[in-house]
Amino acid sequence: MTMPVPDHVHPSLVTKFDIFQPSRPDEEYFAAWVRFQKEAKSQLLWSPLHGGHWIATDAELVMKLYEDSDTMSSRRPGIPVFDRDIDMGALSRDPPEHKAFRKPLNFSLSPARIRSMEQFIRAAVRELIDHLIAKGSCEFISEFADVIPLNVFISMVDLPKSDLDMLAGWARAITHPTAAATSDGPAISREQVMDALGNYLRPYIAQRRLQPGSDAISEVVNSLVDGRPMTDAEAIGACTHLMIAGLDTVASFLGFMMMFLAESPSHRQELVSNPAIMSGAIQEMIRRFPLTVNSRIARDEQIISGIRIKQGDVIALPTMLYNLDERKFPDPLSINFARKVNSQCTFGNGAHRCAGASLARLEIEIVLQEWLARIPNFRLAPQKLDVVGGIVASLRELHLIWQ
Amino acid sequence: MPDRENIRVLFTLHQGETIEVSALPGQSIRQVALDNDVLGIVGECGGSGACGTCHAYVGGQWTERLSPPSEDEQEMLEYVLEPKPNSRLTCQIIVEEAIDGLEIIVPDHQF
């Protein structure tokens, strides 16, 4: 979907950089972002790919535009933009309308609620490690990273476990638009996925309006909007948001984290011998592996960093360009558990900041604790590591070996 | 009279120890905490009130003496771990002469 460069974009601002396939041959995924940022001659560059969009290249600008709901709209999230208005609950609404849809998420995903799930998650993690440990090796993505967060999620929303693969496939078709458009992904458009998700969710929503449970879908669909019940269309959108945002981000992160730990015995040793550093270590790894490239739409014509933006222009906000900016974090690709990470962009920022950050962090903590307690030494099997870029970047496969 | 350039803030840490640091007018308490390596106050959204990870409790009479939290802050405070009547987001408390001697109690966990 390469588009002609629009008239208001000066040719000097056009880049060949592809946000979904940033790497040159043999260039590591995150290193590609660092290189792109260093080479960027302007705080905004225009890419004609994926329907045509700006890329914010400056760390502070990325953070600022995430926060700025006054001039930046989230009504059409994702790149390329959908060919029609779609309802994804809080994700596709701007403040103040956004608030009513965000509130049930804040409630379902609050730190206190999440802490109450700790035992359940820990038991699931232990059970899966017990199952894998005797094998001496695993393909971590499909056998572990995809399994734990998805099972936690499916129990939070109380949907049948047997539907997991189908739901995860749909979520990936949204978060990996390029892969979905090629042989890599399901041959289904994102618009078709949205329709399929709506049809799938409709009977569950109807049922949970009649008999509400304590699951997140019940909480979302029975919450009020300006004092009135949600319409069916709004409820479907709000639940679609849960599905899209909840399904593959933690799985992707776990893959990158274990890839790193497999290659660094010293970092593993630090975690095993000094559990007190766990919280800071997780914070540093969350900084080091920002996965998402979200986007905003310019509400009006405006000047940003001296560049004219037209109403409706799409602006990609790569979280990598905050977390891996060497002016923010010296030697940004190195992982230093003692590093002070006082701000980071992995969860975005502002009104749309990830509502599930506490859940993500708890899952990561439990996986680290339980895995290192049972399998303190592991390494990469010989393999070519392949990152699938997208709205959420992930490793295609990760083969680990232990004794 | 407090020194205008040296406003005192007292942080009670996890171990129960209290440290006194000096702060400059205009800074947020979150920033003061970070500048003085006070562990347990994060604020990973960078101090915009969007994440709830710079949560702390204010001590003594300070709940009444500070200007009250905004509606947005109050809402965010509903979702922090162990909210109490004296909970605040430290990124939303700005240092000024009137807060000289402010007592901040760092919570055990942010997440």
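Numbered from 1 within each chain, the chains take letters A, B, ... in sequence-line order. What you are looking at is a predicted structure, and each value in this text was computed from that prediction instead of being measured.
In this structure, the portions of A/F107 lying under 4.5 Å from any heavy atom of chain B include both its backbone and its side chain. In this structure, chain B has no heavy atom under 4.5 Å from any part of A/E365. Only the side chain of A/E67 has a heavy atom closer than 4.5 Å to any heavy atom of chain B. Residue contact with chain B, scored on non-hydrogen atoms closer than 4.5 Å, involves the side chain of A/R115 exclusively.
The backbone N or O of A/I286 sits less than 3.5 Å from a side-chain atom of A/T346, completing a donor-acceptor pair. The backbone N or O of B/L77 sits nowhere less than 3.5 Å from a side-chain atom of B/R88 that would complete a donor-acceptor pair. Looking only at distances, a side-chain donor or acceptor of A/Q37 sits under 3.5 Å from a matching main-chain atom of A/L321. Using a distance-only test at 3.5 Å, with no hydrogens or angles considered, no donor-acceptor pair links the side chain of A/Q43 to the main chain of A/S305.
Top candidate by heavy-atom pairs under 4.5 Å with chain B, chosen from A/N342, A/N349, A/L109, is A/N342. Between chain A and the residues B/C51, B/G43, B/G46, the most heavy-atom pairs under 4.5 angstrom are made by B/C51. Of the residues considered (B/V42, B/L34, B/L39), B/L34 shows the highest number of contacts with chain A, using heavy-atom pairs under 4.5 Å.
For the residue pair A/T249 and A/A245, the shortest heavy atom distance occurs at OG1-O, 3.5 Å. Scanning all heavy atoms of the two residues, the minimum distance from B/V80 to B/G52 falls at CG1-O, 3.7 Å.
More than 12 heavy atoms of other shown residues, nucleotides or ligands fall within 6.0 angstrom of atom NE2 in B/H14. Residue A/D226 qualifies as open at atom CG: its count of foreign heavy atoms under 6.0 Å is 12 or below.
Side-chain atoms of B/Q92 and B/R30 form no donor-acceptor pair, as typed in the model, at a separation below 3.5 Å.
A heavy-atom distance below 4.5 Å is found between the side chains of A/M230 and A/F101.
Using a 4.5 Å heavy-atom cut-off against chain A, no residue of residues 55-69 of chain B qualifies as contacting. Contacts from residues 288-298 of chain A to chain B, taken as heavy-atom pairs separated by less than 4.5 Å, involve no residues at all.
At a threshold of 4.0 Å, the pair A/D325-A/R327 counts as salt-bridged, since one of the basic side-chain nitrogens sits closer than that to a carboxylate oxygen.
In this view, A/F329 and A/R287, A/Y322, A/R339, A/V341 satisfy the side-chain contact (heavy atoms from CB on, under 4.5 Å) rule, not counting sequence neighbours.
The list of salt bridge (Lys or Arg N to Asp or Glu O under 4.0 Å) pairs with a residue in residues 75-84 of chain B, not counting sequence neighbours, reads A/K99-B/E75.
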